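Please read the structure below before turning to the comments.
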Amino acid sequence: MKNNEVVTSQGGLVTFYGNEIDVKPGVKTVKIIKNLMMYDTNKCFPDVVELNIVKNVNTIEIPNSLFPNVKNVISKSPYFVSNVPYLIHSNGTFFRHDILLNTFFHKADEVIHLAEPKKFCIAEIADYAFAECESMHLEGEGSVMKCGKLGFAKSAFEKQPFINGVKTAGSIIIEIDNSASVIDLPDKEHVMTTITTEFTGNEHVITHNIDTFLMHNVESLPKWITLDIKEKPVKQNSFMYGIEPIIHRIRDNGNHISIFDITPETAKANNVICENGIVYSEDRKILIFSQIQQKDVVIPDGVEKICSRAFKGCLLESVVIPDSVKIIGNEAFYACENLKNVVLGKGLETIRECTFMWCKNLTKITIPGQVKRIENDAFFGSGLVSISLNEGIEEMGDTSICGADVQELTLPSTITYFDGLMLSRDVIGVLRLTLKKYIINIAKAITSPGEPWNGSCDNWVEVICEGKKVYIPKCSDPTFADKMNDSINMFFQKNEMRYITCFEYAYTKECKENMAILEYAEFGDEKAKEYLKKQASKLVERLISGEDEELAVKFFKLHIASKYTLKKALRLADEYKKTTLKSYILEELEESNTVKQNFYI
């Protein structure tokens, strides 16, 4: 017997050629001893009714037509399910993901089971898994999460006519008639669990189940979706909490539709109304969600609650919120990137988590005095440059303005507590903080000991309170963080203390130098002066080569650089073509009678 031949248990001969196979007529069981890849073959072995897969096999790619009459697959390989009538690939782990590769040929009166307890549960259907299959009876397809676009190609399912613009395999939509102006999904009785095709070219889709568009990722969407539910969904949650995720799941996928509406019968049955593209509860006290194309919205007086994610991802440019609104849910205006103008009503007491997160064009906002708390991430990643906080606000979350570009912030006297690192190193933009009333341990809300996660640790905050000023580094030396905090507390609590310096507490050398310049210029501190003298030679090189020309000018105006350092600075100013700096350096040199030369700006 040749090395590439195997004798089956029935005595027939099976021959493997590389990744291909030949089977003699009459052989009923084929033992597959190696990976088999014959997807494009025209061979057919109709006598085979059983496949026996050995332990080391992990890949089998074959058409149904190769073994059309297989009724049982036995596998010792962990990569294939055993004792089933189909070829099913499994990952073999605790979190199983079973993929249907081949159904083989099933007659029209046979049932195809996609789930059997303790054996398999099909999560994915591979391309051509149903090819040449005559049966259209599926059971257990609710477990399918993914299906190849050609999963039902060349099958009886593909050959069926369109009904209301749709071809289905149980609860799986396998094809859409892209020439149809209206697609009416057959999901009245059960949710459509998987959609294998795209809605390219379709203007209008009607769905009858609140969960159909939540069960899968949709690659392309129609311009218009209508929800037609005559009865309340049999759900634990109410209609308003069930309908809201439909539109936002679609937005999260990077797609959006132009119109999402509900039929009058649906509105009546579910106690909601739809006006101007916005869905409200029947009593108009709850705003449930908005269509994405809304641009300028004035919410009617009487609305008391805006649901979570109600305007998420909308093209909204402005919104006016009435005094009647008491609650705005989390992420209500999340990622409204065009939003520029927001008017908050006087009834609001809390701005919740992520309410205006990623609103990149929202550059300013006024927070009414009735608002008591701004929660974490409320304005995270927004475009805020200015935020006006009226007296009355009591608390701001640690990341409430994180990632925004707020450079100046005034805190009212009613704020007495910061949650964590509200103005820490993550909030790169804040440069000046004015306190109407001193807050104990303010330094801990501003600085973070050690190196930051984002690599930027050379910033500081100018803190002003009741006529006193201090510069606090955003990243401090961990060894002295507590000492700095205690010193700042004492400074603001004792009237006799004129100033305090914190440059020596900064984490990086660059931050120490920059703060020393400011503190000597502002307070005339001798420790800062001596430190700058020692660092001057290397410091001028960084200042002149850098972009902060204003700070460099401030340094040279301190009159502490030696003649040697000034000459070095003059050469560097020429090299980097810093004309303004050169003029200040020349003034310093001329005052010391070191150099006499004409200079023209």
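Values below: all heavy atoms of this structure, side chains included; hydrogens, waters and symmetry mates excluded. Predicted model only: the values in this text are computed from it and were never measured.
To the nearest 0.5 Å, atom CG of residue N338 and atom CG of residue N361 are 6.5 Å apart. Distance check: Y576 OH to E549 CD gives 13.5 Å after rounding to the nearest 0.5 Å. Note that the NZ atom of K529 and the NZ atom of K533 stand 4.5 Å from one another [nearest 0.5 Å]. Atom OH of Y520 is separated from atom CD of E526 by 6.0 Å, given to the nearest 0.5 angstrom. Separating the CG atom in D525 from the CZ atom in R498 is a distance of 9.0 Å, to the nearest 0.5 Å. In this structure, the separation between CG on N376 and CD1 on I401 is 12.0 Å, given to the nearest 0.5 Å.
Applying the ring-ring contact (aromatic ring centres under 6.0 Å, His included) test between F356 and each of F311, F333, Y334 identifies F333 as the sole match. Evaluated for a side-chain contact (heavy atoms from CB on, under 4.5 Å) with I439, the options V463, N489, L411 yield exactly one hit, L411.
Under 4.0 Å is where a charged nitrogen must lie from a carboxylate oxygen, and between R432 and E408 at least one such pair does. Ion pairing between a basic and an acidic side chain is recognised when a charged N comes within 4.0 Å of a carboxylate O; E375 and R352 show no such pairing. We find that K326 and E304 are not joined by a salt bridge, their nearest charged nitrogen and carboxylate oxygen being 4.0 Å or further apart.
At most 12 non-hydrogen atoms from other residues, nucleotides or ligands lie less than 6.0 angstrom from NZ of K538. Atom OH of Y584 has 12 or fewer neighbouring heavy atoms from other residues, nucleotides or ligands inside a 6.0 Å radius. Within 6.0 Å of atom CG in N276, 12 or fewer heavy atoms from other residues, nucleotides or ligands are found, so the atom counts as exposed in its surroundings. Annotation: Y564, atom OH; neighbour count of heavy atoms from other residues, nucleotides and ligands within 6.0 Å does not exceed 12.
R542 places a side-chain heavy atom less than 4.5 Å from the side chain of N514. Using a 4.5 Å cut-off on side-chain heavy atoms (C-beta onward), P473 and M484 make contact.
Ring-plane geometry between Y471 and F523 is classed as tilted, the angle between the planes lying from 30 to 60 degrees on a 0 to 90 degree scale. In this structure, W358 and F380 have perpendicular ring planes: the angle between them is above 60°, well past the 30° mark.
Under a cutoff of 6.0 Å and an axis angle of 45°, K468 and F491 form a cation-pi pair.
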Might you work through the side-chain hydrogen bond (donor to acceptor under 3.5 Å, both in side chains) test for S308 and N330, ending with a clear yes or no?
CA-CA 5 Å; S308 297; N330 296 359; 5.2 Å; no
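Looking at K509 and Q535, their side chains do bring a donor and an acceptor atom within 3.5 Å of each other.
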